[in-house]
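Below is one structure, written out as structure tokens; the observations come after it.
Every chain is numbered from 1 and lettered A, B, ... according to where its sequence line falls, protein lines coming before strand lines.
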Protein chains: 2
Amino acid sequence: MRHIINLLQKISPELIELIERRYTILRHVSHSQPIGRRLLANSLKIGERVIRSELDFLKNQGLLGGDSSGVSLTGEGEVLVRELYEFVKYFRGLHEIECSLKESLGLGRVIVVPGDTDQDELVKKEMGRAAARYLQEIMKEGHIIAVTGGTTVREVAEAIPVFSSERDILVVPARGGLGEALEIQANTIAAKIAKNLGAQYRLLHVPDNIGEEAMESLSRDPRISEITTTIKSANILLHGIGNAKEISGGRADTLEETRRLVAAGAVGEAFGHYFSRDGSIVKTIHSLGIRLTDLKTIEQVIGVAGGKKKADAILAVVSNRMETVLITDEAAGRAILELLGPLST
Amino acid sequence: MRHIINLLQKISPELIELIERRYTILRHVSHSQPIGRRLLANSLKIGERVIRSELDFLKNQGLLGGDSSGVSLTGEGEVLVRELYEFVKYFRGLHEIECSLKESLGLGRVIVVPGDTDQDELVKKEMGRAAARYLQEIMKEGHIIAVTGGTTVREVAEAIPVFSSERDILVVPARGGLGEALEIQANTIAAKIAKNLGAQYRLLHVPDNIGEEAMESLSRDPRISEITTTIKSANILLHGIGNAKEISGGRADTLEETRRLVAAGAVGEAFGHYFSRDGSIVKTIHSLGIRLTDLKTIEQVIGVAGGKKKADAILAVVSNRMETVLITDEAAGRAILELLGPLST
DNA sequence: TACCGCGGGACAATAAATGACCATATTTTT
DNA sequence: AAAAATATGGTCATTTATTGTCCCGCGGTA
């Protein structure tokens, strides 16, 4: 594979630009279909006329079908996008990034999608797809899946194709936490995932950052203790990774709290734990659900996060090496390697 | 492989044209180096200016190097041409042709080079290369290689790279025959091959089409009988295939003879035997050396011939299924399949 | 209804590819 | 040693392809 690509690159470098351009278009269409050429041109920052010619071409090739509301992928186009993805991975050197990251972070697997989440929101969707695909790959009947909140994990939830019949799978939130907006709460996302998956779900209605005594009394509640036990016995943990600087929840008190944490060296956050750059824990938010020590018993820990800004956060969280899988984007991947560079060279 | 090509063809069909064009240029250069752009443009029938841009490009890519006497392949270019060859095979469907031919003719292997020997003399050189490469692949120490005459086999001889040290290999002419021009006589070619190979050679100075009694007496000569015995114990036979209509040797009597043979149904000739379309023998030229019945004991019989005109001749000769390998060109390959078509469908 | 985004047509401006020379150096042939 | 053939590089008008822009009418949706 690598070999063939090098060959092509040598004999006709202009080709790879062309393929990449067309791939970008196809991919964008696949995310926003149906869509028109103007909107496409704007978000891709390519001349409208260029898009137009390409669209005509892709239609001729039978990859795109157009109706009055815009162009969409045909079945053939859908297949092609998926297949082309592997190809583009090589062009962009994503494959190399994946390997380097896997190697230097000691992970079981790393998936890197092209682009930068900070610059193009579609990249987040792409990560979501990759994570969803991976999740479905490893998922088995009887599994319990614990998920956290966050916009990235939400994309994962939305990327899971609807499964019509039922499955013996249980989706639960990884931790309590009701502070955030409803749409990105762990509970909401767990329900969403369960719904698409055709699985069951249980929710945990517990606020985070509660006091020691409150936690104690809550955990004595039989219904709550039952669900927390279930959570702790999860087979798969799917979690996002937050940048410590940007976690505030909007409230003034947590903003102040965040500042203190950052001053204490926190750079990354995941499932209620703040990590410093070297991977050690700066603070654990008081709540119920999964704690760092529980990770050992979980078969698959999947971390999903992207964007250059989150590079150090990802590095901090993943340095604990409890993750088996990291799904990120090109920008973050490169940034992490750069952070790692001076050490590993 | 097939899969990747389809992918590329779908996403950017213009690519294959481009690659093919560049490949053609590289290949031509590799045959005629050093060569200038004008000559190149003429023989390739491409605009001079176009050649020029492509040449500039290929130089930039480090595939071509130019001095004042013209452009030549660099080491990298040479490697690339070879690798690209496999690629182009797929583009042109040569791979399919090879498989179909192999299947319908029941051969051990078929190698098809792109182009038409009748239209572009370089194609013959290309066949020569392919045959030379194959020959070197299967050749072992201690082998005896028997070769026939003809322009095509001469190209094979010339395509064999010079081997500096010596090898325990013996090259002999497959049959007697001094009628033809010196350069394409079996003896000359055997010597040439041996020289390039770093092998020994023995010659057989016997005219063809001799009378029964003359043959008898010649074969009683100890020196001649020794070499004929050697020839009959050859491990590899490399032979050309002639079109019955075009074999005349220039002399009036053989011309007349040829006419008679064609009238009798002969379409193809190989190592002194005339074959009719269904593969049966019309006539065997009286001479010493390999006869059809000897082929059974020869491990590898390699037939080399190309050009649309020879399609029926090749089919006739190869129909005996004594060949293990056929090396031909695209035009002949397609023509043969067409001849075969009505039968095999 | 008014609006937004859709495809498609049209066209000028711009960029790229091509064809057709010439000048001159070098190699090869005579 | 001269002559012929071939080589590269430069130039430039011409043709062809690409691109930017604007306009039009259509069909959903707010």
Counting heavy atoms not belonging to A/K89, are there more than 12 under 6.0 Å from its NZ?
-> yes

Taking NZ, NE, NH1 and NH2 as the nitrogens, is one of them in A/E183 or A/R154 under 4.0 Å from a carboxylate oxygen of the other?
-> no

A/R334 bridged to A/E330 by N-O distance under 4.0 Å = yes

Between A/R37 and A/E48, is the closest basic N to carboxylate O distance under 4.0 Å?
-> yes

Under 4.5 Å between any side-chain heavy atoms of B/L84 and B/R22, yes or no?
-> no

What N/O pairs connect the protein and nucleotides 7-17 of chain D at under 3.5 Å? Give each pair on its own line.
residue : atom : partner : partner atom : Å
D/dA7   : OP1  : B/G36   : N            : 2.3
D/dT8   : OP2  : B/R37   : N            : 3.1
D/dT8   : O4   : B/R38   : NH2          : 2.3
D/dG9   : N7   : B/R37   : NH1          : 3.0
D/dG9   : N7   : B/R37   : NH2          : 2.9
D/dG9   : O6   : B/R37   : NH2          : 2.8
D/dG10  : N7   : B/R52   : NH2          : 2.4
D/dG10  : O6   : B/R52   : NH1          : 2.8

Sole residue of B/E98, B/E20, B/E86 in salt bridge (charged side-chain N to carboxylate O under 4.0 Å, His left out) with B/R92 | B/E20

Just do the side chain to side chain contact (heavy atoms under 4.5 Å, CB included) check on A/L44 and A/I51 with the steps written out, would you?
-> CA-CA 9 Å; A/L44 257 47; A/I51 289 283; 4.2 Å; yes

5'-most to 3'-most nt of DNA chain C touching chain A (<4.0 Å, heavy-atom partner on protein side) reads C/dC6 to C/dC11

